[in-house]
Amino acid sequence: LTAYNSLLAALVKNSMDVKALTVYESMKQTKLVPSMYTYTLVIRATSKCQGWESAYRLFNEMLSKEIHKPNVFVYNALISAYGRAKKWNRALQIWDKMKQVGCKESMGTCCLLISTFVGCRQFEPALEVFFLVIQRGWRPTDSMYKGLICVSAHEGRWMLALEFFHEMVASGARPSLLACNSLINSIGKAGQWNLAFQVYNWMRANGLCPDAYTCNAVLNAFMNAGEYDQGVQFFLNMKESGLHLDREVYNVALVAYQKLKDWKGALGLLKEMDTRGVQPDVMSYGIAITACEAGGQTSLALMVYEHMKNVRCTPNTYVVAALIRICKRQSLWHIARKIFEESCRAGIEPNIYVYNALIDVFYKSKQVTLAKNLMKQMHIRGCKPD
RNA sequence: UUGCGUCACACUUUAAUCC
């Protein structure tokens, strides 16, 4: 038995799981009775190459022999299999079973359970395990703290996440980049841009290097709170720092400019995207055009439209509606109509925003007949007026 | 002999209409 167990252990340790299983099969041919250690090893091996079901089968097979009562290692091996398979429900069941049969959880059990629940975003069970750890008088591991910060943040419980964060720091550990990111994100979603920014500053002061997630989370906090000025500022700082920013981040920054009615800033950024090799998409152009609209820059908006055509970027309803609205100020109904027709020819199905914009332009330009006709057309195409 | 050595897993993001 010792020889078999040693061999199995060596194989499992080196991820030779299939080999381990064949060794186990050959062991079954003998009269040897597998020990708990054997089962632990084989459950581990089989769960890795044949999934959690096989681990469960083996576990039951072991129970049916009624030779031994499973020890905590066997339970842990099974929980580990469930965790890797994201079967948090099963992990919860087996944990219940442990309690029923009076098998006491080890620190390892708790680590596994928390890891499983966090991975499946199960806030309540993760918290329950954490309390058990405290209750036993154990010191939670760093990973437990990290996991709880993440799962609490994900649940929208940012105050709790912040508490875990503080506890972790107080215990002398450093929260991970990921934990900080989810914390910032959660705080930002709750509209607490100031607090989110404080966590960001803490990160930098403590040697954690912000990544794209951090950038998004902080930027999002500002945007959410309507702090567009600070959003722009932050974006510029991140750009300055040399962090690679993708198109979506650029688009968020464009929105900040748009909200500030800063058409110069928006157009500048759009141009910069081109030169930096970040391809603007329809949305980038749409936001820039809307910024021009907000700033009353009709001809610039139309120039952006021309540019789009040059680079073969097909507009969408956002773009078309914004362009049409821009024509209102100077009653440029013929241009608005041209844009509308072009978009229809390009196969862009007008929506209520587009129709409303064009009707508005016609109305402002005293083209009541055109407006009426458009309403009829709208009706025929199955778009309901609001 | 089980868990966070490693790997894996868990975190983030965008626009629009009249008055």
Side-chain angles (χ1 to χ4, degrees), chain A residues 5-6 8-9 12-13 15 35-41 43-44 71-81 83-84 86 106-122 126 141-144 146-151 153-154 161 176-186 188-189 211-221 223-224 245-256 258-259 266 281-291 293-294 316-325 328 351-361 363-364 386:
Chain A
N5 281 352
S6 302
L8 285 170
V12 168
K13 202 169 240 173
S15 299
S35 67
M36 280 297 111
Y37 186 18
T38 319
Y39 282 117
T40 303
L41 292 166
I43 285 176
R44 192 171 161 72
N71 63 15
V72 68
F73 295 117
V74 180
Y75 280 110
N76 286 355
L78 188 58
I79 293 173
S80 173
R84 250 179 289 118
K86 304 247 165 245
S106 65
M107 187 61 166
T109 317
C110 295
C111 287
L112 276 167
L113 285 171
I114 288 187
S115 163
T116 302
F117 295 142
V118 169
C120 300
R121 301 183 190 99
Q122 295 301 315
T141 66
D142 293 359
S143 310
M144 283 183 181
K146 286 179 204 163
L148 277 147
I149 291 170
C150 290
V151 81
H154 186 89
S176 66
L177 179 61
L178 192 96
C180 291
N181 286 346
S182 41
L183 181 62
I184 293 173
N185 185 40
S186 165
K189 275 192 176 142
D211 66 358
Y213 284 94
T214 322
C215 175
N216 282 323
V218 175
L219 195 53
N220 193 32
M223 297 301 283
N224 229 336
L245 304 176
D246 64 11
R247 179 169 57 213
E248 293 189 2
V249 179
Y250 271 89
N251 284 355
V252 176
L254 280 171
V255 174
Q258 187 238 96
K259 298 281 188 194
D281 61 0
V282 211
M283 202 183 280
S284 319
Y285 289 118
I287 299 163
I289 288 174
T290 309
E293 183 198 358
N316 60 16
T317 54
Y318 284 81
V319 172
V320 175
L323 286 167
I324 292 174
R325 281 196 308 270
K328 183 180 163 185
N351 65 7
I352 185 88
Y353 288 95
V354 174
Y355 284 119
N356 285 352
L358 190 53
I359 289 170
D360 201 37
V361 173
Y363 171 72
K364 171 81 192 307
D386 62 3

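All values reported here derive from a predicted model rather than from experimental measurement.
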Testing B:rU1, B:rA16, B:rU12 for proximity to the side chain of A:Y37, the answer is B:rU1
Heavy atoms from C-beta onward define the side chain here; which of B:rU1, B:rG3, B:rU14 lies closest to that of A:E248?
B:rU14
Separation of atom [atom1] in [X] from atom [atom2] in [N], rounded to whole Å:
X: A:K146; N: B:rA10; atom1: NZ; atom2: P; result: 16 Å
X: A:I324; N: B:rA15; atom1: CD1; atom2: P; result: 21 Å
X: A:Q122; N: B:rC9; atom1: CD; atom2: P; result: 18 Å
X: A:D386; N: B:rC18; atom1: CG; atom2: P; result: 12 Å
X: A:N181; N: B:rA10; atom1: CG; atom2: C1'; result: 12 Å

Just to be sure I understand the rule, does A:R247 reach a base, reach only the sugar-phosphate, or reach nothing, if contact means heavy atoms closer than 4.0 Å?
nothing
Would you mind classifying the nucleic acid contact of A:M107 as base, sugar-phosphate or nothing, using non-hydrogen atoms under 4.0 angstrom?
base
Do the side-chain N and O atoms of A:T214 and A:D211 include a donor-acceptor pair separated by under 3.5 angstrom?
yes
Could you give the distance separating [M] and [N] at their [atom1] atoms, to the nearest angstrom?
N: B:rU13; M: B:rC7; atom1: P; value: 25 Å
N: B:rC9; M: B:rG3; atom1: C1'; value: 14 Å
N: B:rU14; M: B:rC19; atom1: C1'; value: 28 Å

So, is [X] near the phosphate of [N], with a side-chain N or O under 4.0 Å from OP1 or OP2?
X: A:K328; N: B:rC19; value: yes
X: A:R121; N: B:rC11; value: yes
X: A:R84; N: B:rC7; value: no
X: A:K13; N: B:rU1; value: yes

Stacking here means centres under 5.5 Å and planes under 30°; does A:Y75 stack on B:rU2?
no
Classify the side chain of [X] and the base of [N] as holding, or not holding, a donor-acceptor pair under 3.5 Å.
X: A:N316; N: B:rA15; result: yes
X: A:N251; N: B:rU14; result: yes
X: A:Y213; N: B:rU12; result: yes

Strand contacts (RNA chain B) in residues 352-360 of chain A, 4.0 angstrom heavy-atom criterion
A:Y353, A:N356, A:D360
Whether A:D360 side chain and A:N356 backbone form a donor-acceptor pair below 3.5 Å:
no
Main-chain N/O of A:V354 paired to A:N351 side chain as donor or acceptor, under 3.5 Å:
yes
